[in-house]
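Below, read A as the first sequence line, B as the second, and so on, with proteins coming before strands; counting in each chain starts at 1.
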Amino acid sequence: MANFQKLPSRAEDYSKWYNELVVKADLAEQSAVRGCMVIKPYGYAIWETIQHELDRRFKEQGVKNAYFPLLIPKSFLSREAEHVEGFAKECAVVTHHRLMNDPNGKGVVVDPNAKLEEELIIRPTSETIIWSTYKNWISSYRDLPILCNQWCNVMRWEMRTRLFLRTAEFLWQEGHTAHATKEEAEAYARRMLDVYADFAENVMAIPVVKGVKSPNERFAGALNTYCIEAMMQDGKALQAGTSHFLGQNFAKSFDVQFLSKENKYEYVWATSWGVSTRLMGALIMTHSDDNGLVLPPHLAPIQIVLVPIFKTEEQLNAILNRMNPILEKLQKAGVRIKVDTTDKYTPGYKFADYELKGVPVRLAMGGRDLENGTIEVARRDTLTKETVSLDGIEEKLLSLLEEIQKNCYTKALNYRIANTRECNSYEEFKEEIKKGGFLLCHWDGTPETEERIKEETKATIRCIPLEALPGYKEEPGVCMVTGKPSPRRVVFAIAY
RNA sequence: CGGGAAGUAGUUCAGCCCGGUGGAAUGCCUGCUUUGGGAGCAGGAGGUCGCAGGUUCGAAUCCUGUCUUCCCGACCA
């Protein structure tokens with residue numbers, strides 16, 4: 001009996017469970033550089049599927065991909081006052097462009113003669129470099145709208161990092177659009193929020209609350225920030241995506257004007273929107289269990305794995321001969337399949353390993369099945385298995401994958417519903433928030449009240465929901481702290 | 001960036017207090033037997049003890065500095 005290391009349970013230590021799962025499931029690991037991760041092939045395969053699915057949806061919205069530089073002149077960042085205020089404290093700065101041999105010994109040192117005239121910032125986000133570029137692209141209303149997206153890395157010098165959830169460097173996409181009218185820009189920011197919500201729910205199987213950020217939580221430089229918020233299994237909230245209506249702030253800072261039909265100069269209206277590798281963290285913390293990763297089929301790099309059980313090569317070949325036509329049919333239907341023919345590990349080892357990796361469906365076939373014309377089908381989401389006939393197995397498996405996808409979503413939604421409740425007094429709130437989950441409360445709309453609640457309870461307003469959560473009605477009331485009127489309940493939670 | 005803990009074989013850890021040629025388990029390699037829930041036996045390879053200085057005849061062990069990770073704060077997606 002191998003003395004393998006089990007994952008810590010979620011109940012024992014959620015944070016430790018997460019950290020170890022990321023590494024043991026082969027998603028990512030720490031790198032030699034503080035706060036920066038190595039995303040391993042298995043983890044990157046999931047990210048590539050995320051990219052692929054999102055990219056397709058963006059293109060349906062008329063978005064085109066482009067690429068802007070990693071380095072941003074320092075002066076650009078300071079053009080928009082709130083923007084620089086928001087990011088200045090976490091920027092990495094490039095000051096020199098050359099190394100030289102250390103005159104006093106081994107290795108290389110920065111060449112003091114190679115100091116840059118103007119220092120360059122490693123992008124924490126690209127609004128400034130993009131708007132300085134858009135200025136050259138826009139002169140007439142006929143040039144609008146511009147709908148660009150870039151897939152890239154950004155860097156924010158974080159004090160405390162965790163794989164996927166908060167790393168100094170992370171991968172993301174940032175969309176930047178320019179519009180002729182306020183209405184069009186606002187509508188576009190809203191539309192991209194819907195794209196994110198659709199993606200989160202149908203591909204990642206993560207239920208989200210669509211909402212608006214309170215002024216305290218708004219993106220630096222935006223007039224309005226929309227977001228999708230998800231609930232993790234430990235009851236904490238995680239912002240899964242944001243879409244900003246930037247108004248004319250960046251157009252004014254970078255002097256981007258266009259000539260309207262009426263032959264008048266007007267400033268351009270802007271949006272930006274993004275999701276990052278943080279989604280990987282959301283994925284893990286929404287579905288996985290104490291046995292390891294649970295991946296919704298739409299995102300799983302391997303959707304079905306076949307573990308043949310054999311003693312001799314003849315037996316293996318007999319199994320493969322029986323299964324190959326079935327697997328080919330499934331592959332033609334677009335299913336991602338792996339057949340594990342290695343004899344390096346025993347079947348029991350493979351079972352445990354594919355569970356750790358979150359493969360949605362595991363098939364096992366041995367001599368017994370071959371005789372009976374059956375196969376063992378195991379589901380990762382429910383950890384159940386049954387032996388079924390090979391007749392019509394392809395259709396059964398295809399619908400099983402869809403069922404698992406739905407079940408992942410339903411389970412997560414039920415968990416969120418079970419951990420969402422209304423809360424009417426601040427005293428009650430202080431107790432309830434310790435249990436985690438979403439608390440729907442009335443708030444007077446002032447930053448002061450939100451700040452006070454944050455200081456006293458660590459909870460923040462995750463969003464002002466665009467529509468009432470399922471099972472709840474939108475109704476006015478009074479603020480739980482100050483008693484002032486409140487038009488609707490907002491979502492409070494402790495956040496990642 | 002403050003407070004705490006830790007860095008020794010691929011991995012998890014013992015050894016450190018009290019200095020004297022570095023251990024275990026697991027993993028890896030080879031062979032045989034195994035294979036329906038993390039296989040067994042036998043043999044083998046694998047470490048300048050995070051890094052840099054210092055003390056000493058001699059440092060994994062003592063001292064100083066530094067880097068990284070984890071936990072708690074402050075900050076933030």
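Atom C1' of B:rA25 sits at a distance of 24 Å from the matching atom of B:rU21, rounded to the whole Å. Taking atom C1' in both B:rC49 and B:rA42, the straight-line distance is 31 Å, to the nearest Å. Rounded to whole Å, the P atom of B:rG46 lies 13 Å from the corresponding atom of B:rG23. Rounded to a whole angstrom, the distance from the C1' atom of B:rG3 to that of B:rU48 is 34 Å. Rounded to whole Å, the separation between the C1' atoms of B:rG22 and B:rA59 comes to 13 Å. One P atom belongs to B:rG4, the other to B:rG65, and the distance between them is 13 Å to the nearest Å. A gap of 15 Å separates the C1' atoms of B:rU68 and B:rU8, to the nearest Å. Spacing of C1' atoms, B:rA6 relative to B:rG15, comes out at 16 Å, to the nearest Å.
The pair A:Lys454-A:Glu450 fails the salt-bridge criterion, with no side-chain N (NZ, NE, NH1 or NH2) lying under 4.0 Å from an Asp/Glu carboxylate O. A salt bridge links A:Arg462 and A:Glu217; the closest N-O separation between the charged side-chain nitrogens and carboxylate oxygens is under 4.0 Å.
Among the heavy atoms of the strands lying under 4.0 Å from A:Leu165 is at least one base atom, whether or not backbone atoms are also near. Within 4.0 Å of A:Phe219, counting heavy atoms only, lies no atom of the nucleic acid at all. Counting any heavy atom pair closer than 4.0 Å across all strands shown, A:Thr167 reaches a base atom.
A cation-pi arrangement is present between A:Arg362 and A:Phe351, with the terminal nitrogen or guanidinium carbon under 6.0 Å from the aromatic centre and inside a 45° cone about the axis.
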Compile the donor-acceptor pairs under 3.5 Å between side chains in residues 86-95 of chain A and protein atoms, sequence neighbours left out, one pair per line.
none

Between the protein and nucleotides 65-76 of chain B, which nitrogen or oxygen pairs are less than 3.5 angstrom apart?
| unit_1 | atom_1 | unit_2 | atom_2 | d |
| --- | --- | --- | --- | --- |
| B:rU69 | OP1 | A:Gly35 | N | 3.0 |
| B:rC70 | OP1 | A:Gln30 | NE2 | 3.2 |
| B:rC71 | OP1 | A:Ser15 | OG | 2.9 |
| B:rC71 | OP1 | A:Asn19 | ND2 | 3.4 |
| B:rC72 | OP2 | A:Arg160 | NH2 | 2.3 |
| B:rG73 | OP1 | A:Lys458 | NZ | 3.1 |
| B:rC76 | O2' | A:Glu158 | OE2 | 3.3 |
| B:rC76 | O2 | A:Arg166 | NE | 2.3 |
| B:rC76 | O2 | A:Arg166 | NH2 | 2.7 |
| B:rC76 | N3 | A:Arg166 | NH2 | 2.8 |

Short N/O separations, protein against nucleotides 31-33 of chain B, under 3.5 angstrom:
none

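Ring orientation note: the planes of A:Trp47 and A:Trp151 are nearly perpendicular, at an angle over 60° on the 30°/60° scale.
To the nearest angstrom, C1' of B:rG40 lies 15 Å from NZ of A:Lys311.
Within the model, atoms CZ of A:Arg218 and CZ of A:Phe245 stand 11.0 Å from one another, a figure rounded to the nearest 0.5 Å. Considering CD of A:Glu20 and CG of A:Leu163, their distance stands at 12.0 Å, rounded to 0.5 Å. Atom OG1 of residue A:Thr382 and atom NZ of residue A:Lys411 lie 7.0 Å apart, to the nearest 0.5 angstrom.
Taking only side-chain nitrogens and oxygens, A:Thr346 never comes nearer than 4.0 Å to OP1 or OP2 of B:rU35.
Among residues two or more places apart in sequence or in another chain, the side chain to side chain donor-acceptor pair (under 3.5 Å) test is passed with A:Trp17 by none.
With a cut-off of 3.5 Å on both Watson-Crick or G-U wobble distances, the partner of B:rA60 is given as none. With both pairing distances under 3.5 Å, B:rA5 is matched to B:rU69 as a Watson-Crick or G-U wobble pair.
Residues in residues 33-44 of chain A take part in these side-chain hydrogen bond (donor to acceptor under 3.5 Å, both in side chains) pairs, two or more places apart or across chains: A:Asp26-A:Lys40.
Within residues 369-386 of chain A, the residues having any heavy atom under 4.0 Å from RNA chain B are, by residue number, A:Asp369, A:Glu376, A:Lys385.
Considering only heavy atoms from C-beta on, A:Trp172 comes within 4.5 Å of A:Thr125 through its side chain.
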